[in-house]
Novice: 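Input: one structure, supplied below.
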Amino acid sequence: MATTGEPQMITLAKGINQGLRAAMDADSKVIVMGEDVGRLGGVFRITDGLQKDFGEQRVLDTPLGESGIIGTAVGLAVRGYRPVCEIQFDGFVYPAFDQIVTQLARLHYRSQGKLRMPVVVRIPHGGGIGAVEHHSESPESYFAHTPGLRVVACSNPVDAYWMIQQAIACDDPVIFFEPKRRYWEKASLDLSVAPPPLFRSRLLRSGGTATVVAYGPTVRTVLDAATVAERDGQQLEVIDLRTLSPLDLAPVFDSVRRTGRLICVSEAPGEASLIAEVAARVSQECFYSLEAPVLRVTGFDTPYPPAKCEEDYLPDLDRVLDALDRVLAY
Amino acid sequence: MATTGEPQMITLAKGINQGLRAAMDADSKVIVMGEDVGRLGGVFRITDGLQKDFGEQRVLDTPLGESGIIGTAVGLAVRGYRPVCEIQFDGFVYPAFDQIVTQLARLHYRSQGKLRMPVVVRIPHGGGIGAVEHHSESPESYFAHTPGLRVVACSNPVDAYWMIQQAIACDDPVIFFEPKRRYWEKASLDLSVAPPPLFRSRLLRSGGTATVVAYGPTVRTVLDAATVAERDGQQLEVIDLRTLSPLDLAPVFDSVRRTGRLICVSEAPGEASLIAEVAARVSQECFYSLEAPVLRVTGFDTPYPPAKCEEDYLPDLDRVLDALDRVLAY
Amino acid sequence: MHFRKRAPSHSAPADNSVGSPIVDGPTVGPIIGAAMEIDGQHTPQQVIAGLRATGEGEDLVQLLTPEGQRVSHPQFDLEISPAEIRELYRDMVLVRRADREANALQRQGQLGLWAPLLGQEAAQIGAGRALAPQDMAFPSYREHGVAWCRGVDPTELFGIFRGIDQGSWDPIATGFGLYAIVVGSQCLHATGYAMGQRLDGKIGNAETGEATLCFFGDGASSQGDVHEGFVWAAVYDAPVVFFCQNNQWAISAPLDRQSRVPLYRRARGYGFPGVQVDGNDVLATLAVTRWALRECRTGNGPVLIEACTYRMDAHTTSDDPTRYRLADELEEWKLKDPLERVRVHLVREGLAEQEFFNGVATEAEELAVRLRNYCTSMPAPGPERIFSKIYAEPSPSLDSARAEHLAYHASFADREPGSEPGSEH
Amino acid sequence: MHFRKRAPSHSAPADNSVGSPIVDGPTVGPIIGAAMEIDGQHTPQQVIAGLRATGEGEDLVQLLTPEGQRVSHPQFDLEISPAEIRELYRDMVLVRRADREANALQRQGQLGLWAPLLGQEAAQIGAGRALAPQDMAFPSYREHGVAWCRGVDPTELFGIFRGIDQGSWDPIATGFGLYAIVVGSQCLHATGYAMGQRLDGKIGNAETGEATLCFFGDGASSQGDVHEGFVWAAVYDAPVVFFCQNNQWAISAPLDRQSRVPLYRRARGYGFPGVQVDGNDVLATLAVTRWALRECRTGNGPVLIEACTYRMDAHTTSDDPTRYRLADELEEWKLKDPLERVRVHLVREGLAEQEFFNGVATEAEELAVRLRNYCTSMPAPGPERIFSKIYAEPSPSLDSARAEHLAYHASFADREPGSEPGSEH
Ligand SMILES: Cc1ncc(C[n+]2csc(CCOP(=O)(O)OP(=O)(O)O)c2C)c(N)n1
Ligand SMILES: Cc1ncc(C[n+]2csc(CCOP(=O)(O)OP(=O)(O)O)c2C)c(N)n1
Ligand SMILES: [Mg+2]
Ligand SMILES: [Mg+2]
C-alpha cells in the first residue's frame, strides 16, 4: 500500500487485506493460515494475493479442521512464529474452542511468561448477508468471558487496517472480529493520521440526549439512528467499544454521567453476554447518574433464524430509536 | 432407594447416584455414558454400581473423547434414547463445545420439533478440591449464553436427587452442574416431600437487610455468611438460582424490591458472565427500588490459579460479608 | 500450487513411496486390493500392491467403465436387470436436472445459495438406492441425490437455500437426517444412531436388519469428529457405513491438503474394512454400498467406502473455481461422466429404446417446471418464526419475548417485506 | 467386563479377524511386520501376517527379552557399549526411585496428587535418550522420565502436583514442553512446532537436523486432536515422531475401549510409517525412536511409534485400580519389568560389577532424600500469584484487581495459611 499521505478510498475487506500485507512485510515471522486462504484468497477474499506474493511458506492452506488450525498455530507460536489464523465463518469456531480456551488463552499464564502466544484468530462475524445456518453468528461473548484472551471488533475500513496490524503486533492472543456484512463498505484511509491504541473504545459522535454503545456491525446502524434522531432534535452520543476484552468503559462512564441514559446495541443474544457486562458495570459505576435503567438492544435469545427472518432478528435503526423512546420515557 | 416415607441422610454424590437409578428404573431408554462411568463408577463414583445393575448396554464406558460422547448421544437421542452423559471434569467439556452448541442445542429448532434432544450433560464444576489445572472450573456462563440449552446447578443433596431426575425427564437438552466440592455434604432426604419444578429458583432464607443470590457450590458459602451476619443483626435473604438458563428472577426482583440491595455470588470469572446478566436485569427491573448498586462477588477474571491459591481465589464467607459492608455503605 | 496433477507443495520425501501424491481418478485396472481388506482371498502380490499407497487406482472397484463397458469384479458383482439400470439412469437424469434448475434459480435470486451435486449423481444414486426402507441416512449438505432416493422432494430442500427454514422434512419418517453444515458433525450422529440400532437388537438378519449410511466429504475426513466417529463405531461394532464422496476438492483445497494416501486406507487403522469405489459408476457404487450395508445388518459394521468422483461445478453458487483449478481438469472428468456411461451402455447393449430416453427427458423438463413454480411461490416466514419451537417444553421467557416483538412489529403499519437472501459461501 | 484377558464386551464379529481384542504384551516372535511399513524388504507371508490385525505381537520390535537375552532385529539393531547400557539402567533406577518418592510424598500430604510412571521407565528413558539437544519434546502429564532426560529435575515437576505452579521449567531452554493435562491437546502443538522446524529449514541433515517428539497415551489416541495432528503432520511433512505409550489402560478403560487393533496400525492410513516396539525394552525403544527421529531430521516425517508397556501403579494417587483390573494382570507384567531385564543382562553378560549396582542404589537413595527435603520446604505462593503474568502486555484492569485484592487481603491481620491441596483425579 502506498505510504504517501494521499488518502484513498478502501473497503473494510481491503483494509484488512492491506493491513495483513503491511504486517507480513514488517515481520517475516507473521504467517497466515486457514481453510482456503491461499490460492482462493479466502471465501471473502480477505487474504487475496497474499500467497502469490509471500509464498506457500507464509500463507498456508490448511486441512479442514479448526482445532488443527489453532492447535498447530499454538505450536508455531512456541517456535517463534506469529500466526494469523482465519476461521472461515463465526459458526465454525467451536471445534477450536478447546484449543483457544484451554491452550491459547493460558499458555502464557501456565508458563509464567516463558511462552508467548502472539496468535491472531480472525473471525468474520454477524448476520445480514442472507446466509444459511452457522454463517451469521456473533460468538464474541464466549471469548470475552475467557481470561487470557484479548478480543477486539473493528467496525470500519480505517480501524480494520490499523487494528489488524496492532493485533498482530500484540504479544497476547487476540480474537479479531470482522463485521462481514460491512466488508464492502468504503472509507477514506489517510496513512498520515496515526491510529489510536488497540485497546481503547472510541467516541464517534457527541450528544447530550443519551449514550449509545455498540461494536462491529451495529456501529453503522447506531450512527444511522443518530442521524435520524437528530431530525427530532435528539443528540445521541455514540461510542464504538472496539475492544471487547479488556473492556475500555471509562469513556462510557464519563458519557453516561453526562447523559444519564445508556443504550447498548449488539447482534448477539443478550443473555449472559458482554453487553450484559457493560450494562452491569455502568449500572454500578454510574448508579447516581443514571436517570433510566440501561436498555439493551440485541439479537434475541434464540438460535440465529433462517435468513428470511434476519431483518427482524437483527437490531436495526428502528429498534434503536424505539429503545431511545423507552429510555427517555423514564 | 427405599420409597418409604422414612427420611434418610445422603450425600450429594449419593443423591445423584440414587436419582440416576430411579430414572433408569423408570425409563429403559435412559442410558448413562462417559469416560470411566462403568466398572469404576466414575472418578467421583457418581455412577457407582449402575453398570453392575443395569448392564453394559445401559451404562457405556466410552472411548476418550468428549466430542464423541456428546455427538453419539445426539445420534442416540434421534434414535429415541435419553442419554445422560458424564463429562469427567468441568475443564474437559470444551472439546465437546461444538457438538453441544451447534448440534445438541439446535436440532429441535432446526427440525422445528421433529427431533427432540432429551440429553443430559452432567458436569462436576467448581474448585476447592486442591486439584491440578482444568479440574476446578466454572464454565456455566458459556452454556447460559447459548440459546436452545437449559442449564441448571444443584447445591444440596435433596435438590441433587430430584433435579437429576427432572433433568432426565425434560425433553430438552439440560447441562447439569454438580458442585464437586460439595459431593460429600450430607442432608436428609424425605421422599414424601414433593420437589419444586426444575426451572425455579428458590428462597432459602428470608431477611430484610440485603438479598444474596448464589448457585451451586457458593450457596453453602452464602448460607454460612448469613449465619455469621445474623450475629451482627443483619438479616440476609438468600436465593438459590438453581436454574441458570432460563433464569427465574421473579423471586429475586420481589426480594430486591423489599431489601433494596443485592449481592450476586459465583465462583466463575465475573466478566460477561450469567451473574452479570442477573446484575443487569435486576438493575433494570428494580431501578427504583435499588438503594445501592448490585455488587458481584465472583472468581477473578483470571485463569483458575494453582491450588495453593484457590482459597484466595474462591469467594468465601469473608468476601461475602465484605460485600455486605460495601453494599450497606451506600 | 495445488493442482492435483503436480506434486503437492509440501511434497513427500522422494524415497518414501507412501509420501507421493495420489492421483486416483477412476481407471480400469487389475481389480484387486479392495477385496484384500475383507477376506483372505487374495494373492500376496495383490496384498503388496494394495499396500503401496501410490493411489494409482488399482484398488478401485468398477463395474461399468467410462466407455460404458460392463466389467466384472471378483467380490462386488451385481445381479441387475435392464429395467433396474434404466431406473438408475432415470434417477440420475432427474436429480441432475433438479440440480441445474436449483442452480439457475439461485442465479435469478430465487435462492440465496445452492450447493451443486453436478458430477456426483452416480455416487449418490448408487448409495441411495442401496438403502433399505428400515435404514437411516445422515447427509452433509450436498446429498440432493440421496434425498431423492429417500423420497425427500427437491422442493423440500429449497427452504434451506431460500432462507425459509433449516430443513423441512421429517428425518424419522423419511429415514434421512437433516442437512449438516458443520463439516463432519454428522458422522458422530450417524454412529450414535447406529449404536442405537444395535442396542435395539436390530442387527443380525441380512434382510431385515438395520443399518445407517453416513455421508461426508474428502475435506471432512480431516475433522476430529470423523475420526471419533470411526473410533466409536469400531469399539461399539456400530452398523454404520461411512460413505466418503471424494470429489477431489474441499472448496479450493485439493485432496493433497487432507491426505497423502487414498482415504479408504484409513479404515484399516481402526480395524474395519475400507473399499475404494468408482463413484462415477452407479453400478459399482450400488454393489459396494449394498454389500457394506449388508455387512452392517449382519453385525460386521462399521465399513468405510471412498467413492471417487468429481465436483464438476463450483463448491457453491458463491464460489469461483477458476481461481484455483484448471479448466482441463474438468474436461478430463467429463469423459468419466456418470450419466453418459450408463446411456452408452444401455444403447450399445440394446437395453433401452429411444423413447425411453425421450420419456426421461420430458419427465426432467416437467420436474424443472414444477420446481421453478414451487420455488417462486414459497411464502416467507413471519417474525414469529424466530421464536418457533426452540424448546420442546414451555419457555415463558421466550413466549414473552415473542409477544413483545410481535407487538413492536405490529406497531409498523407499512413495514418493508424481508429482503432477499444475499450471497454467502 | 473390560479385562483384557476376555473378549471386549462389544466383541467384534467372530468371522472378522480384525475384530478380536489385542493382547500385545512383549513376546519374542518372528520379527516382522514393523519393517513392512517402511521398505519393501519383506516376504508376502510377512505382509499378510502384518495385515492380520490379531495384535498377537508378531510386529513387536524387541532387542532385549524379558529374560535379559539380547536379540537382533533386521532393521532396528543397535550399536551400544556396555557403559551406555549401564547409563540407561542408571536412568531407569533413578526415575523409578524419584517416582516412588513422589508417590510417598503424596501419601503424606506433601503433594496433592501424583501420576506414577512405574512400569514405563524403559519407554520414557529409551525415547528420551534418543533425543538430540536441538530436538523438542511435548509431554502429556506422566513423562517424568522424559523430563529427566531433558535435564528437568524432578523437583521442577513438584510445583504442579503440590498446587504451587503449572510447570516451572523453561520449555524453550530445556526443549521440553509443559505438561499437557487436556488429553491429546499437545499433539497439535507438537505438529505445529515441527511445522516451524521445517519452515525454518532445519530439515535435511541426519545429524544436525531438528525433530520433535510427541508423547501421548492409548486413551488419547481416540481424541480428535490426535487425528488432526496426524493429518497436519502428514500434509506438511512435519518432522514429528508421535510416541504413543500404550500402557494398556486409560484410567479404567482398557485398550479395547479405544481400538480393535494395535494403535501403530493407524499410521498406515495417513501414509506414514507406524512401528510397534516393546516399550519395556529400553534398547528397542531407544533404537526405534532414534531411527524415527532420524527419519524426521532427513525430511521423512512424520512417524508413529506405539510403545507397548504397562501402567504398573494406579492412574494417579486418587485412583483405585482394584475396582477395574485383576491383580494377576500386574503379576504377569512384573515378569516383563523394564529394569530387571537390563539388570539380568548386565550381570549375565558380565557387563557390570556389583559395586556398580550398589553405586546406583546409593545414588537413588540420595536422590530420594534430596527430593523429600526440597518438597517439604517449598514455599506457598502468595495471593498475588493469582494475577501473575496472565498477559504479556500491560493489563490495567488486572493491575487494579490485584491491588484491590491485596489491599483486601492485607486487611486481615491473622489470616489462615492456604490449606493443603486435597484429592483429585
Ligand atoms: C466445521 C466447518 N468448517 C468449515 C466449514 C466451511 N466449509 C463448508 S464446505 C467446506 C469444504 C468441505 O469439503 P468436503 O468435505 O470435501 O465436502 P464437499 O464440499 O466437497 O462436498 C468448508 C471448508 C464448515 N461448513 N464447517
Ligand atoms: C480432554 C480430557 N478428557 C478427560 C480427561 C481426564 N483424564 C485424565 S487422564 C485420562 C486417561 C488418559 O489415558 P491415556 O491417554 O492412555 O494416558 P495414561 O493416563 O494411560 O498415561 C483421562 C480420561 C482429560 N485429562 N482430558
Ligand atoms: Mg470434497
Ligand atoms: Mg494409557
Side-chain angles (χ1 to χ4, degrees), chain A residues 29 31 33 56-58 60-81 83 95-96 98-99 101-119 147-150 169-174 198-199 245-250, chain D residues 136 138 160 165-174 177-182 184-202 210 212 214 223-225 227-236 238 240 385-398:
Chain A
K29 288 297 188 184
I31 59 176
M33 51 198 283
E56 292 187 3
Q57 304 280 307
R58 293 189 62 192
L60 282 62
D61 273 317
T62 66
L64 204 174
E66 289 69 19
S67 192
I69 292 168
I70 303 302
T72 53
V74 166
L76 281 156
V78 172
R79 179 71 185 185
Y81 284 86
D98 177 60
Q99 284 287 343
V101 169
T102 72
Q103 306 303 318
L104 183 61
R106 296 197 201 158
L107 273 158
H108 189 273
Y109 183 69
R110 190 176 298 152
S111 70
Q112 284 296 286
K114 296 180 202 76
L115 296 178
R116 299 196 151 189
M117 287 291 126
V119 176
L149 297 177
R150 294 178 183 267
C170 179
D171 277 338
D172 294 314
V174 178
L198 180 59
F199 301 111
S245 180
L247 281 164
D248 175 35
L249 295 183
Chain D
M136 183 72 184
F138 285 85
I160 299 170
D165 58 44
Q166 295 163 340
S168 57
W169 62 94
D170 183 330
I172 305 301
T174 59
L178 293 185
Y179 274 8
I181 293 175
V182 177
S185 59
Q186 72 278 15
C187 294
L188 283 168
H189 307 159
T191 299
Y193 188 92
M195 286 164 65
Q197 291 174 313
R198 175 174 276 276
L199 288 174
D200 289 345
K202 301 295 189 188
E210 293 190 25
T212 295
C214 177
Q223 276 285 9
D225 276 5
H227 161 73
E228 295 187 31
F230 288 5
V231 169
W232 259 252
V235 165
Y236 293 103
V240 56
R385 177 62 171 73
I386 293 171
F387 306 89
S388 162
K389 298 205 165 71
I390 291 163
Y391 295 101
E393 311 236 343
S395 174
S397 54
L398 275 179

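All of these numbers come straight from a predicted model, not from anything done at the bench. Convention: sequence-line order gives letters A, B, ...; per-chain numbering from 1.
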Novice: Non-hydrogen atoms of chain D under 4.5 Å away: do they reach the side chain of A/Ser111, the backbone, both or neither?
Specialist: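 Looking at A/Ser111, backbone and side chain both touch chain D.
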Novice: Heavy atoms only: give me the nearest A/Gly148-D/Ile390 pair and the separation to one decimal.
Specialist: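 So the two residues come closest at CA-CG2, 4.0 Å.
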Novice: Taking the side chain as every heavy atom from C-beta outward, state whether A/Arg150 and D/Glu393 have any pair of such atoms under 4.5 Å apart.
Specialist: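 Of all side-chain heavy-atom pairs linking D/Glu393 with A/Arg150, at least one is under 4.5 Å.
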Novice: Relative to chain D, which segment of A/Asp98 carries a heavy atom at a distance below 4.5 Å: side chain, backbone, both, or neither?
Specialist: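 Answer is side chain: those atoms of A/Asp98 sit under 4.5 Å from chain D.
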Novice: What's the shortest heavy-atom distance between A/His108 and D/Lys389, and which atoms?
Specialist: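 Minimum heavy-atom separation between A/His108 and D/Lys389: ND1-O, 2.8 Å.
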Novice: Given a strict heavy-atom distance threshold of 4.5 Å, which part of D/Ser397 is in contact with chain A: side chain, backbone, both, or neither?
Specialist: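 Interface part for D/Ser397: side chain.
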Novice: Taking every heavy-atom pair that is under 4.5 Å apart, which of A/Asp172, A/Leu76, A/Asp248 has the most such pairs with chain D?
Specialist: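 Result: the option with the highest number of such pairs is A/Asp172.
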Novice: Output the option from D/Tyr179, D/Trp169, D/Tyr391 having the highest count of non-hydrogen pairs under 4.5 Å with chain A.
Specialist: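 That would be D/Tyr391.
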Novice: Identify the heavy atoms of D/Gln166 and A/Tyr109 that sit nearest to each other, and give their distance.
Specialist: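 Looking at all heavy atoms of both residues, the closest pair is OE1-CD2, 3.7 Å.
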Novice: At a 4.5 Å cut-off on heavy atoms, which part of A/Pro147 comes close to chain D: side chain, backbone, both, or neither?
Specialist: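 For A/Pro147, backbone heavy atoms alone lie under 4.5 Å from chain D.
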Novice: Taking atom NZ of A/Lys29 as the centre, does the number of heavy atoms from other residues, nucleotides or ligands within less than 6.0 Å exceed 12?
Specialist: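 It does: A/Lys29 NZ has more than 12 such atoms within range.
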Novice: Side chain, backbone, both or neither: which part of A/Arg110 has a heavy atom under 4.5 Å from chain D?
Specialist: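 Both backbone and side chain.
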Novice: What is the distance from atom CD of A/Gln99 to atom CD of D/Glu228, rounded to the nearest 0.5 Å?
Specialist: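 Interatomic distance, A/Gln99 CD to D/Glu228 CD, rounded to 0.5 Å: 9.0 Å.
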Novice: Highest number of heavy-atom pairs under 4.5 Å with chain A: which of D/Thr191, D/Thr212, D/Ile386?
Specialist: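 Of D/Thr191, D/Thr212, D/Ile386, D/Ile386 has the most heavy-atom pairs under 4.5 Å with chain A.
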Novice: Can I get a per-line list of side-chain donor-acceptor pairs under 3.5 Å for residues 62-69 of chain A, giving both atom names and the distance, sequence neighbours left out?
Specialist:
{"unit_1": "A/Thr62", "atom_1": "OG1", "unit_2": "A/Gly34", "atom_2": "O", "d": "3.3"}
{"unit_1": "A/Glu66", "atom_1": "OE1", "unit_2": "C/Gln223", "atom_2": "NE2", "d": "2.9"}
{"unit_1": "A/Ser67", "atom_1": "OG", "unit_2": "D/Asp225", "atom_2": "OD1", "d": "2.6"}

Novice: Below 4.5 Å, heavy atoms only, C-beta onward: do A/Leu115 and D/Pro171 meet side chain to side chain?
Specialist: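 A side-chain contact under 4.5 Å exists here.
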Novice: Could you check whether any side-chain heavy atom of D/Gln186 comes within less than 4.5 Å of a side-chain heavy atom of A/Gln103, counting everything from C-beta outward?
Specialist: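 No, side chains not in contact.
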Novice: OG1 of D/Thr174 to NZ of A/Lys114: how many Å apart, nearest 0.5 Å?
Specialist: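 If I round to the nearest 0.5 Å, the distance is 10.0 Å.
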Novice: Would you compute the distance between atom CD of A/Gln57 and atom CG of D/Asp200 and round it to the nearest 0.5 angstrom?
Specialist: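 Reported value, rounded in 0.5 Å steps: 10.0 Å.
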Novice: Please classify the contact of A/Gln112 with chain D as side chain, backbone, both or neither, using a heavy-atom distance under 4.5 Å.
Specialist: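 Both backbone and side chain.
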Novice: Hey, does A/Thr72 have a side-chain heavy atom less than 4.5 Å from the side chain of D/Tyr236?
Specialist: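 No, every pair of side-chain atoms sits at 4.5 Å or beyond.
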Novice: Do you know which of D/Gly177, D/Gly167, D/Ser185 has the most heavy-atom pairs with chain A at a distance under 4.5 angstrom?
Specialist: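 Winner by heavy-atom pair count: D/Ser185.
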Novice: Decide yes or no on side chain to side chain contact (heavy atoms under 4.5 Å, CB included) for A/Leu60 and D/Met195, but give the supporting numbers first.
Specialist: CA-CA 11 Å; A/Leu60 282 62; D/Met195 286 164 65; 3.7 Å; yes
Novice: If I measure from the heavy atoms of chain D, does A/Ala96 come under 4.5 Å with its side chain, its backbone, both, or neither?
Specialist: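 For A/Ala96, neither part sits under 4.5 Å from chain D.
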